[in-house]
There are 2 protein chains.
Amino acid sequence: MKSKDKVTIYDISKRLNISAATVSRALNHNPKISEKTRELVAKTAKEMNYKQNRLAQALKQGRTNNVGVIVPYINRSFFSSVIRGIEEELTPHGYHIIICQSHEEAENEAEQINALLSTQIDGIFMSVSKTTQKTDHIQKVLQEHTPLVFFDRKIDVPGVSSVVLDDFRAGYIATEHLIKEGCRKIAHLSGDINLEIYKNRYEGYIKALKDYHIDFIPNYVIEVNSKIESGMQAINELWKLNEKPDAIFSAGDYAALGAMQELRARKIKVPEEVCVVGFSNEPFTKYMELPITSMDQTPQEMGKIAAQVFLEQVKKNSTLSIEKKVVLPPELLIRESSSRKIHNLSDAS
Amino acid sequence: MKSKDKVTIYDISKRLNISAATVSRALNHNPKISEKTRELVAKTAKEMNYKQNRLAQALKQGRTNNVGVIVPYINRSFFSSVIRGIEEELTPHGYHIIICQSHEEAENEAEQINALLSTQIDGIFMSVSKTTQKTDHIQKVLQEHTPLVFFDRKIDVPGVSSVVLDDFRAGYIATEHLIKEGCRKIAHLSGDINLEIYKNRYEGYIKALKDYHIDFIPNYVIEVNSKIESGMQAINELWKLNEKPDAIFSAGDYAALGAMQELRARKIKVPEEVCVVGFSNEPFTKYMELPITSMDQTPQEMGKIAAQVFLEQVKKNSTLSIEKKVVLPPELLIRESSSRKIHNLSDAS
DNA sequence: ATTATTTTTGCAATCGATTGCTTAAATTAA
DNA sequence: TTAATTTAAGCAATCGATTGCAAAAATAAT
């Protein structure tokens, strides 16, 4: 892997008997260089299979044209779609995207941030992990004046922009939908309330119950993670109660799926006996034998907007960090798992 | 984003009235530095919030400790699991993983390679895109003596190591399983034959038919992509035939899912009338109402092994590129979609 | 033909960290 | 106390590309 044969601008300059400065300028289309030599340099560069050393360039210029994206997991449809959105928006501007996973560990998250900062990335996009409590590592990013944009899962830190879903509204809409389907005993499978998104979904749920004069029953709220098994477990808990729920609003699709599995195992009919609504519009929700109603978060759009916020920030080139907060509207995709009436199945995902 | 305040070893050296060289050595635990000054430097470095500039370091050392992974899509369970495997194996060795997507476009793939090479990564892991025909961009990697390891989808290029599944065997096993379930008219939803993996699966299928003296019917082979819709389309094609198949062996889970949807729409019972086997063991196959039999590729293991092959290669530090070919055994996970007999549902995924 | 002006190119410093070689300081031996 | 030896720290070059300023070459003006 030693490569003594890597071609540099000096190699080109020697070959052509001109200075490296001229080569550099020629390659960068500097107008001070005559067309003649520009073409000559371009030609020999290709001949010699020259490839720019972006390390050296970045070191000199102070920017790498790399941005980092930190997500809990890359294999969640939601996150990979956001990444796709960021890519599409930033690639045309010459940026490259470095994707990192925190695996929901605050520690990993901090390490990834350190790694990114030390490679001098030009910006960071991040959806914080569930276990993130302290903001030390985020302060570090700000200290370096590296633009930071939160998406979906954010922490409130002054000076940091964010693009999130209106999770409160989403929780409200989902619950309201279930109420309108005739459900009155609506359980909620919540995520960790420490994360704003889950807290907001939960509060939207509460508010909808209140608005429709339905009593809130604390026992109907079960905390789950994003594993299928936890959804199963949640049903087991709920069905120990005297008053069984007639609807499940899950803050995640995987838990919703688990819930449906367990309901089926118990021969409880969905949606006739229990309606189910999930969250995130994971692809499988649409393609189940019994498709699951779910909340779409327009993730790709979210990524694009996050990227735009970043671009704005770097364009201003100012040290003062702009703080921009974008909130996107959710869209409920109603499918069979919650459709008691023969319904207009608006399924446009 | 301008940050005139980034701390360098010079800042530390000035503060302590020692040379930058000493600071550098101290931070790197060079034994030539006394414990006293080492601690002093470490302390002030922390105080001043020093963060190493890995660009500069990499430029000097000639290695970045970054490796690139190029996959068609990150949101396929298979690929993200391979990436996870690579991460787990390489992170302890101080490497950072840069994840890139080709989106199945050879052009993107080439661009990603260029970008990675110009940032001087220490190695590349890659699963080639469907549209990759030419090997020019791969030759470039070899010219730079950058270690390259193919996983799953490879192209035959001398000097490149690879870790792949025994796809021929997998195709054989899947087909044999269907035969043993009593199927005789087995259709095959194949991927693009230009990719070795799909060609091998196809040939395994042919061989099994032959071994069991079943006539091969060309019309029973339909090319699909990895979209659900193409699986539906395939069933539409197959059901135009006079002799309808009694089994489907799909080279991909998404197509298998689409096929099952379409069969259901046509009121054709799975597995009673038609057995279905998919490929890749995507999580949804297990959690369907009617779980799909699928071929597991032990992706995380594949990633780990690929990483080990890479490590071996860099350890030898020799310019001569070792060529190592690892072939992993597939494992068929038999589920309801292909179990006519009451079966030992060996489901360990 | 000579000077003024415009183009084109080169010199050398710089980005931040590393490292071979040398020198200075500290320790031990004589 | 002085020389010999070990230990600690500094000098300066280097990695490859960029860029302000200066010099050289080419062109235009007088």
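Computed from a predicted structure; not experimentally measured.
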**OP:** Please check the phosphate of dA9(D) (OP1 and OP2 only) for any side-chain N or O of Ser34(B) closer than 4.0 Å.
**Re:** yes
**OP:** Check whether any side-chain nitrogen or oxygen of Thr8(B) sits under 4.0 Å from OP1 or OP2 of dC15(C), and answer yes or no.
**Re:**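 Looking at the OP1 and OP2 atoms of dC15(C), neither is under 4.0 Å from any side-chain N or O of Thr8(B).
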**OP:** Could you tell me whether a side-chain N or O of Thr64(B) sits under 3.5 Å from a main-chain N or O of Ala58(B), the two making a donor and an acceptor?
**Re:**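 Not a single qualifying donor-acceptor pair exists.
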Roughly, in whole Å, what's the span from [atom1] in [X] to [atom2] in [N]?
X	N	atom1	atom2	value
Arg54(A)	dC15(C)	CZ	C1'	16 Å
Lys36(A)	dT7(C)	NZ	C1'	11 Å
Ile18(A)	dC11(C)	CD1	P	12 Å
Leu59(B)	dC15(C)	CG	P	14 Å
Ile33(A)	dA26(D)	CD1	P	15 Å
Gln120(A)	dA17(D)	CD	P	18 Å
Arg63(B)	dA17(C)	CZ	P	17 Å
Lys14(B)	dG16(C)	NZ	P	10 Å

Original post:
Aromatic ring centroids of Phe150(B) and Phe125(B) under 6.0 Å?
Top reply: no
Original post:
Is atom NZ of Lys324(B) surrounded by more than 12 heavy atoms (other residues, nucleotides or ligands) closer than 6.0 Å?
Top reply: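 Open: at most 12 neighbouring heavy atoms sit under 6.0 Å from NZ of Lys324(B).
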Original post:
So Asn108(A) and Ser102(A), side-chain hydrogen bond (donor to acceptor under 3.5 Å, both in side chains) or not? Walk me through it.
Top reply: CA-CA 5 Å; Asn108(A) 289 337; Ser102(A) 68; over 6 Å; no
**OP:** Would you give a per-nucleotide map of nucleotides 18-26 of chain C, 5' to 3', where B means the base has a protein non-hydrogen atom under 4.0 Å away, S means only the sugar-phosphate does, and - means neither?
**Re:** BBBB-----
**OP:** Tell me what Leu55(A) touches on the nucleic acid: a base, only sugar-phosphate, or nothing, going by heavy atoms under 4.0 Å.
**Re:**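 Nothing: the residue Leu55(A), judged by heavy atoms under 4.0 Å, touches no strand.
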Original post:
For Ser129(A) and Leu195(A), which heavy atoms make the closest approach, and how far apart are they?
Top reply: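 It is O-CD2, 4.0 Å.
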Original post:
Any side-chain donor paired with an acceptor under 3.5 Å for Glu109(B) and Thr132(B)?
Top reply: yes
**OP:** List for me each residue that meets salt bridge (Lys or Arg N to Asp or Glu O under 4.0 Å) alongside Arg76(B), sequence neighbours excluded, and say none if there are none.
**Re:**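 Scan of Arg76(B) (salt bridge (Lys or Arg N to Asp or Glu O under 4.0 Å), adjacent residues dropped) gives none.
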